[in-house]
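Below is one structure, written out as structure tokens; the observations come after it.
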Amino acid sequence: MPRKIIIDTDPGQDDAVAILLALASPEEIEVLGITAVAGNVPLELTAKNARIICELAGKPDVKVYAGCDRPMAKTLVTAEHVHGQTGLNGPKLPDPVMALQDGHGVDFIIDTLRAEPAGTVTLCPLGPLTNIATAFERAPDIIEKVQEIVLMGGAYFEVGNITPAAEFNIYVDPEAAEITFRSGVPIVVMPLDVTHKALVTPARNDAFRALGTPVGKAVAEMTDFFERFDKEKYGSEGAPLHDPCVTAYLIRPELFSGRHINVEIEVKSDLTRGMTVADWWGVTDRAPNAMFMGDIDADGFFALLTERLARL
Ligand SMILES: [Ca+2]
């Protein structure tokens with residue numbers, strides 16, 4: 001039985017690859033719908049980009065909804081400096097023909113969790129947690145029905161990428177992150193500590209390109225664009241593929257290892273707002289609330305990605 005998921009996303013080149021991996025893996029993953037959120041770029045673009053990716057995958061029947069256009073309490077911060085003006089800079093992809101679904105993404109999350117049997121729907125947030133937390137605030141009855149949340153966000157050893165202390169997704173909407181991490185839902189976190197080990201080296205990107213398909217070409221060109229920023233910033237040998245760690249985990253959890261620990265979100269400090277305060281060393285007696293990943297089998301991860309993208 002494939003696992004039923006809702007992908008909550010702000011595409012984003014790495015979101016795009018995460019979505020492609022999910023749509024290429026119907027044996028393991030059933031995508032009930034995709035909800036767009038403001039993050040890397042404004043909502044109008046993330047809602048459009050999500051549909052561009054579904055059409056690239058040859059899956060125009062996937063339901064895509066627009067969700068929240070701004071964080072719960074804070075002014076929206078975007079990341080065009082990383083992802084380009086459209087969020088999907090790199091390949092030339094046609095505007096989508098498929099329509100956005102009527103209705104709000106938050107309502108889709110609520111209605112789906114109410115309609116499906118308890119414990120059978122996993123939420124996969126790949127951007128700021130605004131849609132998830134808004135759904136939990138508006139409909140607390142759905143919280144206990146969530147099977148698991150598998151998200152990309154936060155950092156401990158790698159600390160911050162948008163501020164010295166905070167990772168982008170959590171920083172953009174720390175209030176939403178706090179609600180999510182305190183919800184009691186089992187959470188799996190893919191922090192920068194993991195994603196910065198999922199680097200698209202030239203050889204790995206050549207493998208995408210060598211698929212010789214529109215998907216392989218588009219992914220290689222997205223990564224070409226995306227990596228300039230990280231090479232300059234970190235001096236690394238390629239771009240980290242953050243978000244696909246989430247969908248890869250649903251297919252091959254054994255690629256990842258981490259610790260079940262307490263993670264709290266800093267929401268008050270101007271200096272460290274959005275920091276994921278992860279008790280990796282167990283120095284508090286705060287109850288564990290998240291499986292916080294620390295390592296990845298990067299070769300296995302890229303082998304999986306290349307094999308699955310070849311199917312589209
Ligand atoms: Ca993202």
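Whatever order the structure lists ligands and atoms in, that order sets their numbers, starting from 1. In what follows, residues are counted from 1 in the order of the sequence shown. A quick note: this is a predicted structure, and the numbers were derived from the prediction, not measured.
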query: Are K74 and Y171 in a cation-pi setup, meaning NZ or CZ lies under 6.0 angstrom from the ring centre and within 45 degrees of the ring axis?
result: yes
message: Is the distance between the ring centroids of F226 and H83 under 6.0 Å?
response: yes
query: With a cut-off of 3.0 Å, does any N, O or S atom of G127 fall short of it relative to the Ca ion (ligand 1)?
result: no
message: Test of understanding: with salt bridge (charged side-chain N to carboxylate O under 4.0 Å, His left out), list the residues that count as partners of D279, not counting sequence neighbours.
response: none
- prompt: Can you tell me if an N/O/S atom from D15 lies under 3.0 Å from the Ca ion (ligand 1)?
  reply: yes
- request: Please work out whether the ring planes of F208 and F302 are parallel, tilted or perpendicular, with thresholds of 30° and 60°.
  value: tilted
- line: Per residue D10, nearest N, O or S atom to the Ca ion (ligand 1) is named OD1
message: Angle at the Ca ion (ligand 1), O of L126 to OD2 of D243, rounded to 10 degrees, please.
response: 90°
